[in-house]
Engineer: 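Structure provided below as structure tokens; questions to follow.
In what follows, chains carry the letters A, B, and so on, assigned in the order in which the sequence lines appear, proteins first and then strands, with residues in each chain numbered from 1.
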Protein chains: 4
Amino acid sequence: MHKGAASLARLGQNLSPQQLIGALVERGELTDPGSPRGRLLNVAARQFEQKGYARTTVRDIASEVGILSGSIFHHFASKEQILCAVMREVTIFASARMRSAMQQAESPRDKLRACIQSELEAIHGQAVPGFSILVLEWRSLSKDSRKEVLRLRDEYEHIWLIAIRAAKCPGGDAALVRRLLVGALSHTYSWFKPRGKGLSIAELADRILLIFAP
Amino acid sequence: MHKGAASLARLGQNLSPQQLIGALVERGELTDPGSPRGRLLNVAARQFEQKGYARTTVRDIASEVGILSGSIFHHFASKEQILCAVMREVTIFASARMRSAMQQAESPRDKLRACIQSELEAIHGQAVPGFSILVLEWRSLSKDSRKEVLRLRDEYEHIWLIAIRAAKCPGGDAALVRRLLVGALSHTYSWFKPRGKGLSIAELADRILLIFAP
Amino acid sequence: MHKGAASLARLGQNLSPQQLIGALVERGELTDPGSPRGRLLNVAARQFEQKGYARTTVRDIASEVGILSGSIFHHFASKEQILCAVMREVTIFASARMRSAMQQAESPRDKLRACIQSELEAIHGQAVPGFSILVLEWRSLSKDSRKEVLRLRDEYEHIWLIAIRAAKCPGGDAALVRRLLVGALSHTYSWFKPRGKGLSIAELADRILLIFAP
Amino acid sequence: MHKGAASLARLGQNLSPQQLIGALVERGELTDPGSPRGRLLNVAARQFEQKGYARTTVRDIASEVGILSGSIFHHFASKEQILCAVMREVTIFASARMRSAMQQAESPRDKLRACIQSELEAIHGQAVPGFSILVLEWRSLSKDSRKEVLRLRDEYEHIWLIAIRAAKCPGGDAALVRRLLVGALSHTYSWFKPRGKGLSIAELADRILLIFAP
DNA sequence: CATGAATGAGATTTCATTCAT
DNA sequence: AATGAATGAAATCTCATTCAT
């Protein structure tokens, strides 16, 4: 996995989000968004993010995908497995994206900016929505599933900690800074709309960087 | 209401949380925590915070209060109305608490620290539990209820914006700073435990202040 | 009871609806509409007629009367007893009214007209609403209550049959004619509004007479 | 729809009730009584008629159909939707039946007799039970559902008005005559039993015709 | 794989009724 | 007589999940 990650990093260096997803699909780490399972995951992710896991019924998901609710269980053993799969894929995608983005950045400060922007893109992106599920719906996950996702997540958080330390953020404690950032960034889902006359994601990332690493 | 708020502020300057609640109850702004309705709201708030609104059943609440589930509907027309009432009361209490805390602080920086600490105390405190619900369960609220709570919330957010502007945080945009703080602070609910060998709430507030207003 | 009925007939000959009610109250046959119990019955009757017995809650009734639902049970042992009482009083009032009206009429035809008009007034009147409950909510009554109301009703129906026979309605069978009239008249509740530019109750009675006794 | 109605009339001229239902099912206007949904509607109609809508529970219906109560909501969103569907189907069937009956009659008087008999058969018949529900349970329907059923009912009432006018009933006003007939006929449900030594439906229709069109 | 029907456990809600004060 | 709180049985409804076709 480490080896895989490294080679992907090289691979991902100049890829668009779509191309990155393509590469990850090829490696069997992400589900093809064009496949029935992939469409299902995308629809589920969007609805979980919009309405929350508990308020989303498998019928809702099925009907948007264009199948009947019973058919979902040919793809997933349970509703919770859908949530778990969404979280896994979101984590994998966000990890790959962030690693690639960071490698293209040079200064420590730019690397941190890249992290922030990368996470914002995961939250607000269309490709594999949505990072905020990882925070908002964490309690909806069973213990076993949490462990599984946490294992994937560790690597991701590790990159962040390195970036924060390198950028010498005030406040000293990198773990604290990261925790504040997790909350702050995931909450952007409920007020920031990238499409519009307001800030772009890149601009928002800049502003946030200015605060956390002045 | 403005006049009322002002006089309460004077009144609240030296009050303990319990006394503050007492004063608000007297004014008819909060439900008496000793009344059946008040006990119900407190229990509901705690459970909504712990398990989430959807995973809390009215039976759970009723059984902790010591009544049968049907009896709840003597006090509230629906489960959602309980959530709405919880949010209303939490907002009112948090507003009063923060206003009082801010008035006791002197410098702009101390005022912002007071805001941060006050919100952290609301999130992690025991007096009127349920502050994090405002963020975590916002999507569980119907549109009409949201409007109602938002009206109360405006006043609370207004205090924040004034404090942020006065403290001259970098990043310039007070609204943006507040939004990041909302996410960052509410997320502390899931990782920060005030009882323990780690940071105290006051220390955490200091650290956060250091980041947002270095 | 026969003797009582006869003396009331004499008494009632020139009474307005209000006066008739007054006389019946005096004799202990009707509840005083000004008394708590009487107000309760009036409110219940109106609501049963408008929404139906099953869709009317004791809370609805209590709240219109201005008391709490529990207090209703100081006056009536059960909701069904309210319905039963309403039906009893409606029957008694309608009987007295019709007897009085018939005595003032002279020709058999006029007597039948008086019956029709009298029943229409019972259905649409404000004094003791509403006769249509007797038809529409018959199935909501327990067997015992039915017997009780039927006993009162017998006398009423007896007057009708005599009037129909005397008027020599075509169709021959007086019982059949009466049954058709029961349905036709009680159904007027759902389409006929006496207040308005349309027909008056007297005019409607005339039209109906024209059909059933041309 | 007008064209469709006309061709069905031709089609229906010699059909038995069962065949008429078959034809309507084919056209998608009625639910197949053999389908789960159709069985459900028939059971519901019978129970609503016998016990009234409010006193019929979805459990009652489900248990007679042979499924669990929860399964009902696979077919209908709410209990009220069942009532609405019953009323829709009853209206459609009764319309088709009456149109067909009227076309087989020749004189205006016979056509009116056919209408009366047809409605009596609908009320007392077994084919698609539930006609009396249209009157008895009208108040159990929500406003929106009422509108929907009223639209279908218009056509049915239109046929009646034409038949009444052509038969030159005394009383002049065809709408009034129809309204009296609605009440009179639907009320037969509670006293007329076609199976017995008494009148047959056809004889009852004759007697009623004699009264309304002497 | 998808469908359509059903399951079944459990959720919220309703509401007549009771009762201590 | 009224209040306010609670009861408790039963109702409607929800929804993830199963399964024969």
Engineer: How close do D/Thr56 and D/Gly52 get, counting heavy atoms only, and between which atoms?
Structural biologist: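 Minimum heavy-atom contact is OG1-O, 2.7 Å.
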
Engineer: Nearest to the B/Ser71 side chain among F/dT3, E/dA2, F/dT7, which nucleotide is it?
Structural biologist: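 When the side chain of B/Ser71 is considered, F/dT7 is the closest of F/dT3, E/dA2, F/dT7.
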
Engineer: Within this structure, what is the CD1-to-P distance between C/Ile61 and F/dA2, rounded to whole angstrom?
Structural biologist: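 After rounding, the reported distance stands at 15 Å.
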
Engineer: Where the side chain of B/Ile67 is defined as all heavy atoms beyond and including C-beta, which of E/dT13, F/dT17, F/dA6 is the nearest nucleotide?
Structural biologist: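 Among the listed nucleotides, the one closest to the side chain of B/Ile67 is F/dA6.
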
Engineer: Check D/Ala85 against D/Leu41 and note the closest heavy-atom contact, atom names and distance.
Structural biologist: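 Minimum heavy-atom contact is CB-CD2, 3.7 Å.
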
Engineer: Where each residue is assigned the nucleotide of DNA chain F containing its nearest heavy atom, which of C/Gly66 and D/Val58 is assigned the position nearer the 5′ end?
Structural biologist: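 Closer to the 5' end of DNA chain F: C/Gly66.
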
Engineer: Give me the atom names and distance for the closest heavy-atom approach of A/Ser78 to A/Phe73.
Structural biologist: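 Closest approach of A/Ser78 to A/Phe73, heavy atoms only: CA-CE2, 3.9 Å.
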
Engineer: Test C/Glu64 against every option in C/Arg46, C/Arg59, C/Lys51, C/Arg39 by the salt bridge (Lys or Arg N to Asp or Glu O under 4.0 Å) rule and name the one that passes.
Structural biologist: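 Going through the options one by one, the only one that passes is C/Arg46.
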
Engineer: C/Thr57 or A/Leu68: which one's nearest nucleotide on DNA chain E is closer to the 5' end?
Structural biologist: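 Looking at the nearest nucleotide for each, A/Leu68 comes out on the 5' side.
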
Engineer: Between B/Thr56 and C/Arg55, which has a closest nucleotide on DNA chain E that is more 5'?
Structural biologist: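 Result of the comparison: B/Thr56.
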
Engineer: Of D/Ala77 and C/Arg59, whose nearest nucleotide on DNA chain F comes first from the 5' end?
Structural biologist: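 This one resolves to C/Arg59.
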
Engineer: Counting side-chain heavy atoms from CB outward, which of F/dT18, E/dA11, E/dA6 is closest to A/Phe73?
Structural biologist: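 For A/Phe73, the side-chain atoms sit closest to F/dT18.
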
Engineer: Write down the distance between CZ (D/Phe76) and P (E/dA5), rounded to a whole number of angstrom.
Structural biologist: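 Going from CZ in D/Phe76 over to P in E/dA5 covers 11 Å.
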
